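As structure tokens, the structure follows; a few thoughts come after it.
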Amino acid sequence: MANEREIWAPFAERYKVHEESYEFVKQMLASNMRFHPELSVEEARHQAEVRAKLMCGDVEFQGEDTEIIIPSPYSSEGIPASIYKPASSPEIPVILVYFHGGGLVVGSRNLCKGPLKIISQESGAVVVNVEYRLLPNPDAVMAPFDDAVVATKWVLENKEVVGGKSESRVGVGGDSSGGQIAASVTNDVTGLDFQILIYPMTDTTLRHESFREFKNVPVFNGDAIQWLFKNSFHHIPDYTTNPRVNAMVRTNTEASPPGLILLAELDPQVGCGLDYAEKLRAAGVSVQVEVIQGVLHSFFTLRQVFKTKSQEAYAHIVRFLKKCQED
């Protein structure tokens with residue numbers, strides 16, 4: 001079996017692969033974790049939670065960590081969410097409504113609770129970590145997007161309930177498919193003040209060259225993307241032309257709030273993230289783009305392995321949130 005250096009070798013010829021990216025693959029190999037195409041949906045979901053415990057981790061939070069159920073017309077059980085309000089919160093904190101990654105098929109808010117608590121504590125922002133319904137869901141193929149709209153509208157109407165003030169600015173954010181969901185929400189919900197998209201899937205046509213250049217990177221590669229598409233978008237007939245699913249075909253981009261787009265250099269989705277940033281800028285939207293060098297997709301939540309690179313990303317978000325609070 002190839003080791004982590006051999007696996008990364010084709011990319012190390014063109015890029016400086018960070019040591020934490022080597023370490024991540026080394027740990028994946030040592031723990032015998034399997035890759036998406038080898039797994040059923042349930043197996044992939046279980047493995048994602050196991051990996052979260054090993055590599056994501058929780059943190060000791062200085063502040064209020066509460067659970068709520070957001071009422072929803074789509075489910076009598078409502079939408080679960082975690083609210084992080086730090087002790088460092090100013091009198092009028094900004095509020096970030098956040099959606100986890102996982103290709104709309106796997107994952108939960110457990111994957112990003114550690115990073116979000118760190119960002120909340122360091123920025124003073126209130127964070128609402130949303131647990132949306134996953135796909136495949138034959139009876140509700142737009143379930144993640146519908147839940148995100150409901151949760152965001154509810155927060156906008158209940159700022160004080162989650163720990164903010166009526167004057168609090170509200171934005172959306174997410175990583176990977178969560179970034180896709182966040183971009184979708186800005187298409188459907190008015191009154192948002194900012195967006196934070198972390199290596200988002202913003203073009204379901206997969207037309208950018210980066211999807212081919214990084215087709216064979218470790219873990220999140222072309223095969224993984226096809227497995228996720230098979231279990232999510234392939235149940236949505238218009239997934240390449242529907243602006244709720246494919247942000248690159250949006251026609252109301254000028255209505256988008258200012259954004260921060262964080263990307264991983266060695267990621268198939270880096271190109272569509274850059275394309276979406278240019279689409280926003282062309283519409284007159286202020287966008288800050290940061291590409292974290294030498295790392296692959298998913299580094300943002302894997303803070304136990306990407307100890308310096310995840311902190312680099314968190315620092316960009318903290319500064320962005322503080323600026324939103326001050327403006």
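Because the structure is a prediction, the values reported are computed rather than measured.
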Under 3.5 Å, is there a donor-acceptor pair linking the side chains of [X] and [Y]?
X: Ser31; Y: Arg51; result: no
X: Glu43; Y: Gln47; result: no
X: Glu49; Y: Ser108; result: yes
X: Ser256; Y: Arg250; result: yes
X: Thr308; Y: Glu20; result: yes
X: Tyr276; Y: Arg281; result: no

Spell out, as yes or no, whether a donor-acceptor pair under 3.5 Å connects the side chain of [X] to the backbone of [Y].
X: Ser120; Y: Val126; result: no
X: Ser177; Y: Gly103; result: yes
X: Trp227; Y: Leu39; result: yes
X: Lys165; Y: Val94; result: no
X: Tyr84; Y: Leu116; result: no
X: Arg169; Y: Cys324; result: yes
X: Asp193; Y: Gly171; result: no
X: Ser75; Y: Ser72; result: no
X: Asn246; Y: Asn242; result: no
X: Asn129; Y: Arg109; result: yes

How close do [X] and [Y] get, counting heavy atoms only, and between which atoms?
X: Arg303; Y: Cys56; value: CG-O, 2.9 Å
X: Pro93; Y: Ser168; value: O-OG, 2.6 Å
X: Gly124; Y: Gln325; value: O-OE1, 4.2 Å
X: Val105; Y: Leu134; value: O-CD1, 3.4 Å
X: Leu111; Y: Gly101; value: CD2-O, 4.4 Å
X: Ala151; Y: Ile70; value: CB-CD1, 3.9 Å

Between [X] and [Y], is any pair of side-chain heavy atoms under 4.5 Å apart?
X: Leu156; Y: Leu192; answer: yes
X: Ile83; Y: Thr66; answer: yes
X: Glu290; Y: Leu263; answer: no
X: Val172; Y: Leu96; answer: no
X: Glu160; Y: Ser166; answer: yes
X: Glu265; Y: His18; answer: no
X: Arg244; Y: Asp146; answer: yes
X: Gln311; Y: Tyr314; answer: yes

Do NZ/NE/NH1/NH2 and the carboxylate oxygens of Asp203 and Arg207 come within less than 4.0 Å?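 The answer is yes: the pair qualifies as a salt bridge.
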I'd like to know whether [atom1] of [X] has more than 12 heavy-atom contacts from other residues, nucleotides or ligands below 6.0 angstrom.
X: Glu209; atom1: CD; answer: yes
X: His46; atom1: NE2; answer: no
X: Glu77; atom1: CD; answer: no

Parallel, tilted or perpendicular: ring planes of [X] versus [Y], cut at 30 and 60 degrees:
X: Phe300; Y: Tyr98; result: parallel
X: Phe233; Y: Tyr239; result: parallel
X: Phe220; Y: His297; result: parallel

Stepwise side chain to side chain contact (heavy atoms under 4.5 Å, CB included) test for Ile292 and Val295: CA-CA 7 Å; Ile292 308 301; Val295 296; 3.8 Å; yes
To the nearest 0.5 Å, what is the distance between [atom1] ([X]) and [atom2] ([Y])?
X: His100; Y: Asp175; atom1: NE2; atom2: CG; value: 9.0 Å
X: Leu274; Y: Gln269; atom1: CG; atom2: CD; value: 12.0 Å
X: Cys272; Y: Gln180; atom1: SG; atom2: CD; value: 9.0 Å
X: Ile95; Y: Phe194; atom1: CD1; atom2: CZ; value: 8.5 Å
X: Phe24; Y: Ser298; atom1: CZ; atom2: OG; value: 6.5 Å
X: Leu262; Y: Leu197; atom1: CG; atom2: CG; value: 9.5 Å

Is Val130 reachable from Val127 through a run of I, L, V, M, F, W or Y residues, each pair having side-chain heavy atoms under 4.5 Å apart?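 As far as the 4.5 Å side-chain criterion goes, Val130 and Val127 are not connected within one cluster.
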Shared ILVMFWY cluster between Val161 and Val189, side chains joined below 4.5 angstrom?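 Same cluster: Val161 reaches Val189 through Ile, Leu, Val, Met, Phe, Trp or Tyr contacts under 4.5 Å.
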Phe214 and Tyr15: ring-ring contact (aromatic ring centres under 6.0 Å, His included), yes or no, with the steps? CA-CA 12 Å; Phe214 298 112; Tyr15 298 94; 5.6 Å; yes
